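Being a predicted model, the structure only gives us computed values, none of them experimental. Letters A, B, ... are given to chains in the order of the sequence lines, protein chains preceding strands, and every chain is numbered from 1.
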Amino acid sequence: MDESADPDEVAGPRLSKADFATMGITFFSLGVTLQVLLIDAGTSTTRAFVASAVIFSATSEFAYLAVRDSGGSDWAAIAAGWIVATRFGILAVSLSQKLPQGNIRRAAAAVNAFDPNVAVAVQQSNPAAVEREFWRTTAGMMIGWFLGIGVGTFLGPVVGDTSRIGLDAVFPAALLAIIGNMLRKKDGAIAGAAGGLICLTLLPVVPAGLPIILSVFGVAIALLLVRQPAT
Amino acid sequence: MTTLAIIMLTVAAWGQRLAGAFLVGPLLERRPVLSRAANLIPAAVVMAVIVQLTIANGRTLVLDERLAGLAVAALLVWRKAPFIVVVLAAAATTALLRSAT
């Protein structure tokens, strides 16, 4: 992230009504899919709704499901969910530095930090605009998300075979789109490739869940291969 | 999903955001290497989750229609297609190939 904000710079991109709708539709469809897949994996409807309403991290729910699905223990699955949630910690770091002062408003924004709303917010030129655009984007996402998990909870028990309509391909694609920008940078691409390879190699040989946890060492490989000038 | 998992994942998602905003942010500012490492974790680990979801079935490696869906998604992400297009194209590709076989 470039910290050198030019004071004369025009205000960052504001969310148009179309962007707002796209955001809502995107999170709506993710919410529906996640619920249907959770219920398909044997979670009760109430439990699936509560989980997606409070966890605030579809990626963690997915990492958890991926590990459980491959036969991993509850704790291994939880550990995988914890590691992928570091992404949100990092998003909160970049967001909170640009928000207006005040612990409560920073905390409230931090727990709602997701990729799209932080991406829109951090491009604004002053703290007040950062906060305003952050909450506008968040509103679009949240409306879509809660409607989506509501609809998905009802659809879950009636969809039947989720793989027939390709639902199992939705989350890998969504995750790839989320990290797409990181993979465009050299060190991000190496970290991603290394993480994927570590998982692929270890999958048949170590207990389920461990390949995802150990893929974090892909970061070390990227740091060793791509040196940045010391500042 | 167990109750323990729901509680622990909620703590993970909320706790790490709060920790990021109030504890880690100031620390990372003083340690650029840590900051770089932290920024690279999602690329590595999310890619591993993608591998697990796409080319594995339990602990066996399986090549099937999911990989074709991901390939289409990768192409669209690279061409900077809108998120919703990426997701729908991946699902449609996988579903169509399955119905054809």
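For B/I55, the part lying near chain A is the side chain, with the backbone staying farther off; criterion is any non-hydrogen pair under 4.5 Å. At a 4.5 Å heavy-atom cutoff, the contact between A/L38 and chain B is made by side-chain atoms alone. When heavy atoms are compared at a cutoff of 4.5 Å, B/T2 approaches chain A by way of both its backbone and its side chain. Contact of A/D74 with chain B is made through the side chain alone, with heavy-atom distances under 4.5 Å. Looking at B/A92, neither its backbone nor its side chain comes within 4.5 Å of chain A, counting heavy atoms on both sides. In this structure, the portions of A/F56 lying under 4.5 Å from any heavy atom of chain B include both its backbone and its side chain. For A/I90, the part lying under 4.5 angstrom from a heavy atom of chain B is the side chain only. For a residue to count as touching a neighbouring chain, one of its non-hydrogen atoms must lie under 4.5 Å from one of that chain's; by this rule A/S29 touches chain B with the side chain only. Proximity to chain B is limited to the backbone of A/N112, based on heavy atoms less than 4.5 angstrom apart. With a 4.5 Å cut-off on non-hydrogen atoms, B/T3 touches chain A through its backbone and its side chain both. Contacts between A/R47 and chain B at a heavy-atom distance below 4.5 Å involve backbone atoms as well as side-chain atoms. For chain B, the nearby parts of A/I55 are the backbone and the side chain; heavy atoms of each come within less than 4.5 Å. A/T33 does not touch chain B: none of its heavy atoms, backbone or side chain, sits under 4.5 Å away. Residue contact with chain B, scored on non-hydrogen atoms closer than 4.5 Å, involves the backbone and the side chain of A/A66 alike. Both the backbone and the side chain of A/V226 have a heavy atom closer than 4.5 Å to some heavy atom of chain B. Both the backbone and the side chain of B/I41 have a heavy atom closer than 4.5 Å to some heavy atom of chain A.
Taking chain A as the reference chain and counting heavy-atom pairs below 4.5 Å, the highest number among B/P42, B/P82, B/A95, B/A44 is found for B/A44. Counting heavy-atom pairs under 4.5 Å between each of B/L70, B/L9, B/L76 and chain A puts B/L9 at the top. Per-residue heavy-atom pair counts under 4.5 Å with chain B were compared for A/A174, A/G180, A/A193, A/S60, and the maximum is reached by A/A174. For the set A/I179, A/T43, A/V93, A/V111, the entry with the most heavy-atom pairs within less than 4.5 Å of chain B is A/V111. Listed options A/V54, A/V170, A/L183 were ranked by heavy-atom pairs under 4.5 angstrom with chain B; first place goes to A/V54. In terms of heavy-atom pairs under 4.5 Å with chain B, the best-connected choice from A/A80, A/A107, A/P116, A/A77 is A/A107. Residue with the most contacts toward chain A among B/G25, B/A73, B/A43: B/A43 (heavy-atom pairs, distance under 4.5 Å). Of the listed residues (A/P172, A/G42, A/S44, A/A169), the greatest number of heavy-atom pairs within a distance under 4.5 Å of chain B belongs to A/P172. Comparing B/T93, B/I7, B/V46 by how many heavy-atom pairs each has under 4.5 Å with chain A, the most go to B/V46. For chain A, the option among B/A48, B/P26, B/A19 with the highest count of heavy-atom pairs below 4.5 Å is B/A48. Across A/A51, A/S163, A/A41, the residue that shares the most heavy-atom pairs under 4.5 angstrom with chain B is A/S163. Highest contact tally toward chain A, considering only B/M47, B/R66, B/E65, is held by B/M47 [criterion: heavy-atom pairs under 4.5 Å].
When side chains are defined from C-beta on, A/L34 counts as touching A/W145, because their heavy atoms get closer than 4.5 Å. Inter-residue side-chain proximity for A/L175 and B/L53 is flagged as met; some heavy-atom pair is nearer than 4.5 Å. Side-chain contact between A/L95 and A/L91: absent, with no pair of heavy atoms (C-beta onward) separated by less than 4.5 Å. Using a 4.5 Å heavy-atom threshold, the side chains of A/V159 and A/I39 count as separate. Between A/L30 and B/F83 there is a side-chain heavy-atom pair separated by less than 4.5 Å. Residues A/R106 and A/Q101 have side chains in contact (heavy-atom distance under 4.5 Å, counting atoms from C-beta outward). Contact annotation: the side chain of B/Q16 approaches that of A/W82 to within less than 4.5 Å [non-hydrogen atoms, C-beta and beyond]. No side-chain heavy atom of A/R105 sits under 4.5 Å from any side-chain heavy atom of A/L99.
Side-chain contact annotation: A/T153 with A/Q35, donor-acceptor N/O pair under 3.5 Å present. Side-chain contact check for A/T138 and A/N117: at least one donor-acceptor pair (N or O, by modelled atom type) lies under 3.5 Å.
Here A/D168 contributes atom CG and A/D40 contributes atom CG; the two are 9.5 Å apart, rounded to the nearest 0.5 Å. Here the CZ atom belonging to B/R98 is positioned 6.0 Å from the CG atom belonging to B/D64, to the nearest 0.5 angstrom.
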May I have the list of side-chain donor-acceptor pairs in residues 198-222 of chain A shorter than 3.5 Å, sequence neighbours left out?
| residue | atom | partner | partner atom | Å |
| --- | --- | --- | --- | --- |
| A/T201 | OG1 | A/L197 | O | 2.5 |
| A/S215 | OG | A/I212 | O | 2.6 |

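Using a distance-only test at 3.5 Å, with no hydrogens or angles considered, a donor-acceptor pair links the side chain of A/S70 to the main chain of A/V67.
Atom CG of A/L224 is surrounded by more than 12 heavy atoms from other residues, nucleotides or ligands within 6.0 Å. Counting heavy atoms of neighbouring residues, nucleotides and ligands inside a 6.0 Å radius, atom CZ of B/R31 does not exceed 12 of them.
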